[in-house]
Each structure stands twice: as structure tokens, then as C-alpha cells.
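Written out below as C-alpha cells is the structure these notes cover.
Heavy atoms only: backbone and side chains are in, while hydrogens, waters and symmetry mates are out. Owing to the predicted nature of the structure, the values given are computational and were not obtained by experimental measurement. Position 1 is the first residue of the sequence; numbering continues from there. As the structure lists them, so they are numbered: ligands from 1, and atoms in each ligand from 1.
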Amino acid sequence: MYTTDLRTAEEKAKDAKLKVPTKEEGEEAFQARIDADEYIEPKDYMPDAYRKTLVRQMSQHAHSEIVGMLPEGGWVTRAPSLKRKIILTAKVQDEAGHGLYLYSAAETLGTSREEMLNQLHSGKAKYSTIFNYPTTSWADVCTIGWLVDGAAITNQIPLCRCSYGPYARAMIKVCKEESFHQRQGYDGLLEMMKGTDAQKRMVQDSFDRWFWPSLMMFGPPDSDSAHSSQNMAWKIKRFSNDELRQRFVDATIPQAEFLGIKLPEQVKWNEETKHYAFGELDWDEFWAVVKGDGACASNRMDARRKAIADGKWVREAATAYAEKQRAAVRAAE
Ligand code: 3HC
């Protein structure tokens, strides 16, 4: 009689004692690792739902980085001086780099970059609401640096300690660069506030339009946040949407006062809580923009689809060149 089982009797006895963990036992051991603040790496066991929510969040994050290049990219040729042009070009390039790190980190979970981009371009995947607002003046470019990148840093510093190793490590470099972005924006506004009345009005108008949308970047209120409680248990998120929003407001208002900006009447220091109160945000507007009703939504997607079509020959050429290099290495071996 033939057999494909070539184990010795001793090995068979040893294997019989080995117990395959049940799904519940696997998830318990996984949670114990998270609770012990261990990083989860690509080849480690992870529940399907953990993988799925990470791909969702990381790809949305990556999409936000590359769509975020569009509102500012259009201002490179219109920046007011050579210095500002150089700084803005560097910033926009940084955002492309952030997209690259994040797509690469998300790919370690088994979803290809092509698939993630297809989801963006077909309208299935989300990206941050903030990039669906128009950038109508030079002050807007500086306000984006100050408020939008400032909000991004507040949200992303805790992500440097997120439980998924490749995401956490990618965020360290992203946060360092976002910090430069925030400073360049604030510096641009400081300069304008030293200028003419028209420049000061431009800054105020820009703040009035971007302040509330920047607070919406932190997501819906905790009571409406579908993913928060599970993602906090998994330490993907370390703080809730409302906690981070409050932290951002508390850091930003003194900066606005230093600039000489007139604050909205809802913003008031609360001596009891030792935080700035800011009233209720327009959540109907938030959900409408999330669902694709933002002023620039179709424009952004048209620009992305055009970029992917225009870049087809570059990707093909790069793939052909890489294949040629590999063939040369194989031939030399
Ligand atoms: N824009 C668009 N969609 C948003 C959103 C926003 N500002 N805030 C929340 N949503 C969506 C969520 O994606 C989720 O939708 P889904 O179930 O279809 O995926 C839904 O609203 C419910 O929200 P939750 O609070 O339950 O979602 P999360 O727990 O994922 O929290 C988040 C939302 C705080 C944005 C979180 O995903 C996160 O921290 N993401 C990583 C950071 C990120 O994506 N930042 C983008 C900012 S821009 C940027 O970084 C570019 C820089 O250069 C400025």
C-alpha cells in the first residue's frame, strides 16, 4: 500500500499533540499582543476585520494625500515669489511621497495599489472631505498649510503608535514633513498680516472659509463614528475623533489670536473645562461632502483620472525598463 505521509511514528505522535487554535483562541492571542503594545507585522496572524479596516483607513489616507496635491498644485505657477514657489513645490512633492509610503504600507496587507486606485477613480473609495473645497486665493494656500496640515498632524501623531507596524513607521516620516508644511503655511500668513489691508482681509476671509471644514477632518462626532470603538480597542486609533478635534482647537485658537484673526462668535474659552468651546459643526454639510457633493468633487476626480490616463505610458515604460534590467541580471548569473 502506498502512502504520502512520510512522517515517522514519533513525529506523528508529536503532531497529534499539537492543537490548531480555534478562531476565538487566535483572536484572543491577537488582542493580548495588542494590549501588550506589540506591533502587528504583515505576516502575523490578524483577524479579517482588522485587515479590512486597516486597508480601508490606510487607502483613504493615501488617497487624501494624492488628492490633496491638487488644490495646492494649481498655485505653484501663481505663488507670489520664487521663494514661495520653491517651498510650495517641495510641499506638493512631499504629499506625493506620503501617498507612496501609505500605498506601499497598505499593500503589505494584500491589496494592490492598482486595486486601491481603481476604487478611488470609480468613486467607491473615500478621501478627506477637506479637499473638496475650492482654493480661491493665495491666502488659502497658506491656510491649508496652517489649518489642514495642522489638523492632519494632530490626527497623525497618535498614528505613529498605531498597532500595525508598517503604518506606524510610515507615519513617523509623514509627521515630520507635515510639521514643515504647517510652519510654512503659518509663516505665509504672518507675512500677509504684516501687509496691506487687502492682504489682511484675504487672510480673514480664508480663515472664515477653512476653519470649520478643517474641524470636520477629524470625522463625525464620537456618537456617530462607526469604527471608533473597535479601532480604539485594536489601537489603530489612540484617541477619539472628538478628543483630537478639541486638542486641535485648543492649539489653534492662540495661533489665530497671535495672527490677529477675528474668531467666530461660537469660539469661547471655557474656564471650567479649560478648553475652547466651539459649538456644533454643520454635520449635514459634512455628510453631504462625504457623499460626494463637495464643490470640487467632480473636478478632483476628473484631474485624477486624467493623471492616471496621461501617466499610462510612463508606467509601461518603467515596467519594461525594470523587466529589461531583471533580464540582464539573470543573463549575467
Ligand atoms: N472625510 C471623508 N470621510 C470621512 C471623514 C472625512 N473627514 N471622516 C470620517 N469619514 C468617513 C470614514 O471614512 C467612515 O467611512 P467608511 O466607513 O465608508 O470608511 C465614516 O466617515 C465614519 O467615520 P468613522 O469616524 O467611523 O471613521 P474612522 O474611525 O476611520 O475615523 C478618521 C475617520 C479620523 C479620518 C480616520 O480614518 C483616520 O484617522 N484616518 C487616517 C488619517 C487620514 O486619513 N487623514 C486624511 C487627512 S488629509 C491628509 O492627511 C493629507 C495632508 O497632506 C494634509
Side-chain angles (χ1 to χ4, degrees), residues 49 52-73 91-103 105-106 119-120 123-133 141 143-162 164 167-168 170-171 173-182 184-185 210 212-245 247-248 281 283 285-294 297 300:
K52 201 170 151 209
T53 200
L54 271 175
V55 172
R56 176 192 66 83
Q57 176 169 326
M58 290 165 75
S59 61
Q60 283 177 11
H61 193 166
H63 300 329
S64 304
E65 299 285 354
I66 60 164
V67 175
M69 296 167 73
L70 299 169
E72 292 174 291
K91 179 187 190 292
V92 174
Q93 282 176 342
D94 282 352
E95 307 297 2
H98 298 175
L100 180 69
Y101 313 150
L102 287 164
Y103 285 122
Q119 285 179 354
L120 171 68
K124 273 193 207 140
K126 295 191 171 79
Y127 57 89
S128 185
T129 41
I130 196 75
F131 300 118
N132 286 327
Y133 291 86
V141 175
T143 304
I144 289 177
W146 171 41
L147 295 182
V148 174
D149 290 78
I153 300 170
T154 311
N155 165 271
Q156 290 169 15
I157 284 182
L159 286 174
C160 298
R161 292 189 296 121
C162 133
Y164 188 55
Y167 194 18
M171 290 319 298
K173 193 162 187 311
V174 170
C175 283
K176 284 187 184 156
E177 290 171 356
E178 298 290 13
S179 172
F180 150 66
H181 298 170
Q182 196 265 357
Q184 68 82 34
W210 289 89
W212 301 110
S214 73
L215 302 191
M216 293 174 187
M217 287 173 68
F218 295 92
D222 293 350
S223 52
D224 293 336
S225 169
H227 303 289
S228 276
S229 62
Q230 179 60 76
N231 286 3
M232 285 177 78
W234 278 333
K235 295 188 183 170
I236 293 171
K237 273 175 140 168
R238 295 268 176 173
F239 300 96
S240 77
N241 298 358
D242 287 333
E243 282 173 314
L244 292 175
R245 191 171 4 254
R247 189 179 288 189
F248 174 66
L281 305 189
W283 294 114
E285 174 183 317
F286 170 77
W287 289 115
V289 181
V290 168
K291 288 182 186 130
D293 279 349
R300 300 288 181 245

Should Tyr167 be counted as touching ligand 1, given the test is an N or O pair under 3.5 Å? no

When you compare the side chains of Ser228 and Asp222, does any donor N or O come within less than 3.5 Å of an acceptor on the partner? no

With the threshold set at 4.0 Å, does a side-chain nitrogen-carboxylate oxygen contact exist between Asp242 and Arg245? yes

Location of contacts on Glu178 toward ligand 1, heavy atoms closer than 4.0 Å: side chain

So which bit of Ile130 gets within less than 4.0 Å of ligand 1, heavy atoms only: side chain, backbone, both or neither? neither

Note the single closest protein heavy atom to atom 30 (O) of ligand 1, along with its residue, its atom name and the distance in Å. Arg56 NH2, 3.0 Å

Heavy atoms, side chains only, cut-off 4.5 Å: are Leu244 and Pro158 in contact? yes

Nearest-contact summary for atom 25 (O) of ligand 1 - protein heavy atom, Å: Ser225 OG, 2.7 Å

Of all the heavy-atom pairs spanning Tyr133 and Met216, show the shortest one and how long it is. OH-SD, 4.3 Å

Considering only heavy atoms of Asn241, which atoms of ligand 1 have at least one such atom less than 4.0 Å away? 25 (O), 34 (C)

Do Ala226 and ligand 1 have an N or O pair less than 3.5 Å apart? yes

For ligand 1, is any non-hydrogen atom under 4.0 Å from Phe239's backbone (N, CA, C, O), its side chain (CB onward), both, or neither? neither

Answer side chain, backbone, both or neither: which part of Phe131 comes under 4.0 Å from ligand 1, heavy atoms only. side chain

N/O of Glu65 under 3.5 Å from N/O of ligand 1, yes or no? yes

Under 4.0 Å and counting heavy atoms only, is there anything from the protein next to atom 32 (C) of ligand 1? no

Tell me whether the NZ or CZ atom of Arg247 lies within the 45° cone about the ring axis of Phe239 and under 6.0 Å from its centre. yes

Under-4.0 Å heavy-atom contact with ligand 1, by part of Ala152 that carries it: side chain

If you scan protein heavy atoms around atom 16 (P) of ligand 1, the nearest is Lys126 NZ, 3.5 Å

When you measure from atom 35 (C) of ligand 1 to every protein heavy atom, which one gives the shortest distance, and what is it? Met217 O, 4.1 Å

Assess, by modelled atom type and distance only, whether the side chains of His63 and Tyr103 contain a donor and an acceptor separated by less than 3.5 Å. yes

Between Trp283 and Phe286, how do the two ring planes meet: parallel, tilted or perpendicular, split at 30° and 60°? perpendicular

Heavy-atom distances under 4.0 Å decide this one: backbone, side chain, both or neither, for Gln57 against ligand 1? side chain

May I ask you to identify, for Asn155, whether its side chain, its backbone, both or neither come under 4.0 Å of ligand 1 on a heavy-atom basis? side chain

Contact summary for Glu72 and Gly68, nearest pair of heavy atoms: OE1-O, 3.7 Å

Would you say the side chain of Ile236 lies within less than 4.5 Å of the side chain of Gln230, judging by non-hydrogen atoms? no

Where does Tyr127 meet ligand 1, judged by heavy-atom distances below 4.0 Å: at the side chain, the backbone, both, or neither? backbone

Look at the side chain of Arg238 and the backbone N and O of Arg161, then say whether any donor-acceptor pair between them is shorter than 3.5 Å. yes

Applying a 4.0 Å heavy-atom criterion (strictly less than), which segment of Met216 is in contact with ligand 1: side chain, backbone, both, or neither? backbone

Counting both backbone and side chain atoms, is some N or O of His227 under 3.5 Å from an N or O of ligand 1? yes

Nitrogen or oxygen of Asp224 less than 3.5 angstrom from that of ligand 1: no

Any chance the side chains of Gln184 and His181 put a donor and an acceptor closer than 3.5 Å? no

Identify the closest protein heavy atom to atom 13 (O) of ligand 1: which residue and atom is it, and at what distance? Gln60 OE1, 2.7 Å

Is there side-chain contact between Thr53 and Trp234, with heavy atoms separated by less than 4.5 Å? yes

The option among Lys124, His61, Lys291 carrying the non-hydrogen atom nearest to atom 41 (C) of ligand 1 is His61

Which atoms from ligand 1 have a heavy atom of Ser64 less than 4.0 Å away? 46 (C), 48 (S)

What's the shortest heavy-atom distance between Pro220 and Trp287, and which atoms? CB-CZ2, 3.5 Å

Does an N or O from Thr129, backbone or side chain, lie closer than 3.5 Å to an N or O of ligand 1? yes

Is it true that Lys237 lies under 4.0 Å from ligand 1, counting heavy atoms only? yes

Could you find the nearest protein heavy atom to atom 8 (N) of ligand 1 and give me its residue, atom name and distance? Gly219 CA, 3.1 Å

With distance as the sole criterion, is a donor-acceptor pair present between the side chains of Lys237 and Asn241 under 3.5 Å? yes

Nearest protein heavy-atom contact for atom 50 (O) of ligand 1: which residue, which atom, what distance? Gln156 NE2, 2.8 Å

Here the pair of heavy atoms bringing Cys160 nearest to Ala168 is O-CB, 3.4 Å

Near Phe218 (heavy-atom distance under 4.0 Å), the atoms of ligand 1 are 34 (C)

Please report the closest heavy-atom contact between Val174 and Tyr101, naming both atoms and the distance. CG2-CD1, 3.6 Å

Return the closest protein heavy atom for atom 22 (C) of ligand 1 as residue, atom name and distance. Pro220 CG, 4.0 Å

Any side-chain donor paired with an acceptor under 3.5 Å for Tyr167 and His61? yes

For Ser128, is the nearest heavy atom under 4.0 Å from an atom of ligand 1? yes

